Amino acid sequence: ALTHILVVSDLQKAKSFYQDVLGASLYGEYGDTSIVFDFNGAWLLIVTGGEPTKDKPDVTFAAPDEPERVSHSVTIRVPDCQQAYEILKSRGAEFLTKPVNWGYEIRAFFRDPDGHLFEISQVENIEQNKDDT
């Protein structure tokens, strides 16, 4: 199983976003430092920041401080990007733009409360695209 860890500044605000906006299922909460969600079969571990530990001695966990600079993002494949956009927007997701059609893909980006970037993506005619590569 793959677990994706996201560091947040406000655990309760993040919990509300991941449950109410994304519709992730709460799996477990561990003190005031972490929450585990099941999201379409993938695990999302939402944690508060933390100083280095003996198993990661030079690593500090911190929420993003520059949302415009992205080192990773999460892509959610959807059958209908426009429909997913409308649903997520009605739940409170704030999108950077409306869905954009690139011909081979329709996609739109939004952020969680800490600035982590998420993408909804509808792949157009994936079988044809595989044949073109």
Side-chain angles (χ1 to χ4, degrees):
L2 177 67
T3 300
H4 192 82
I5 299 173
L6 296 172
V7 182
V8 301
S9 60
D10 184 323
L11 202 59
Q12 292 309 308
K13 193 174 188 178
K15 178 182 177 182
S16 177
F17 176 84
Y18 286 95
Q19 278 186 303
D20 301 337
V21 176
L22 280 188
S25 299
L26 180 65
Y27 179 79
E29 296 183 61
Y30 305 95
D32 295 329
T33 61
S34 61
I35 300 174
V36 179
F37 290 100
D38 178 355
F39 183 68
N40 291 337
W43 295 105
L44 289 176
L45 174 56
I46 310 302
V47 301
T48 55
E51 297 299 320
T53 58
K54 62 183 177 181
D55 57 344
K56 51 179 182 50
D58 60 353
V59 176
T60 299
F61 274 30
D65 57 2
E66 291 184 68
E68 296 78 22
R69 294 180 51 87
V70 175
S71 65
H72 77 281
S73 66
V74 177
T75 299
I76 305 165
R77 294 280 184 212
V78 296
D80 185 327
C81 193
Q82 186 65 41
Q83 181 182 35
Y85 168 82
E86 297 296 338
I87 291 169
L88 291 169
K89 191 172 177 185
S90 75
R91 293 178 183 169
E94 296 181 17
F95 283 83
L96 304 178
T97 67
K98 293 180 179 181
V100 174
N101 189 332
W102 293 93
Y104 56 90
E105 175 184 38
I106 301 170
R107 65 185 188 205
F109 292 87
F110 63 99
R111 293 186 189 351
D112 78 354
D114 281 283
H116 296 104
L117 191 64
F118 283 79
E119 169 190 2
I120 52 173
S121 169
Q122 173 186 340
V123 177
E124 294 292 305
N125 200 351
I126 196 165
E127 290 304 315
Q128 179 181 350
N129 290 336
K130 284 197 302 193
D131 294 340
D132 292 343
T133 58

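Quantities reported herein were computed from a predicted structural model and do not represent experimental measurements.
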If you measure from [atom1] on [X] to [atom2] on [Y], what distance do you get to the nearest 0.5 Å?
{"X": "Thr48", "Y": "Phe61", "atom1": "OG1", "atom2": "CZ", "answer": "10.5 Å"}
{"X": "Glu51", "Y": "Thr60", "atom1": "CD", "atom2": "OG1", "answer": "5.0 Å"}
{"X": "Leu26", "Y": "Leu44", "atom1": "CG", "atom2": "CG", "answer": "11.5 Å"}
{"X": "Leu45", "Y": "His4", "atom1": "CG", "atom2": "NE2", "answer": "10.0 Å"}
{"X": "Ile46", "Y": "Thr33", "atom1": "CD1", "atom2": "OG1", "answer": "12.5 Å"}
{"X": "Lys89", "Y": "Lys98", "atom1": "NZ", "atom2": "NZ", "answer": "6.5 Å"}

Write down the atom of [X], the atom of [Y], and the distance for their closest heavy-atom approach.
{"X": "Gly103", "Y": "Asn101", "value": "N-OD1, 2.6 Å"}
{"X": "Pro67", "Y": "Arg111", "value": "O-NH2, 3.1 Å"}
{"X": "Arg107", "Y": "Cys81", "value": "CA-SG, 3.9 Å"}

Please tell me if the side chains of [X] and [Y] come closer than 4.5 Å, counting only heavy atoms from C-beta onward.
{"X": "Val59", "Y": "Pro52", "answer": "no"}
{"X": "Tyr85", "Y": "Val78", "answer": "no"}
{"X": "Leu88", "Y": "Phe118", "answer": "no"}
{"X": "Phe17", "Y": "Val8", "answer": "no"}
{"X": "Tyr104", "Y": "Val123", "answer": "no"}

Judged by atom type as modelled, is there a donor-acceptor pair below 3.5 Å linking the side chain of Arg91 to the main-chain atoms of Val21?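 Here the side-chain-to-backbone pair exists.
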Residue among Val36, Leu11, Ile35, Val7 satisfying side chain to side chain contact (heavy atoms under 4.5 Å, CB included) with Val47: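 Only one of Val36, Leu11, Ile35, Val7 forms a side chain to side chain contact (heavy atoms under 4.5 Å, CB included) with Val47, namely Val7.
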Test side chain to side chain contact (heavy atoms under 4.5 Å, CB included) on Thr97 and Phe109; report intermediate values, then the result. CA-CA 7 Å; Thr97 67; Phe109 292 87; over 6 Å; no
What I want to check is whether the side chains of Glu119 and Ser73 have a donor and an acceptor closer together than 3.5 Å.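 Looking only at side-chain atoms, Ser73 and Glu119 do not form any donor-acceptor pair under 3.5 Å.
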Mind jotting down which residue pairs meet the side-chain hydrogen bond (donor to acceptor under 3.5 Å, both in side chains) criterion with at least one end in residues 13-28? Sequence neighbours excluded, please.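 Passing the test, one end in residues 13-28: Lys15-Glu29, Ser16-Asp20, Tyr18-Asp112.
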Does Trp43 belong to the same Ile/Leu/Val/Met/Phe/Trp/Tyr cluster as Tyr30, with side-chain heavy atoms less than 4.5 Å apart forming each link?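 In one cluster: yes.
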Treat each ILVMFWY residue as a node, draw an edge where side-chain heavy atoms are under 4.5 Å apart, and state whether Phe95 and Ile76 are in one component.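 Result: yes, single cluster for both.
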Check against side chain to side chain contact (heavy atoms under 4.5 Å, CB included), Phe110 and Leu96: CA-CA 6 Å; Phe110 63 99; Leu96 304 178; over 6 Å; no
Is it the case that atom CD in Glu86 sees more than 12 heavy atoms from other parts of the structure closer than 6.0 Å?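 Correct, the count exceeds 12.
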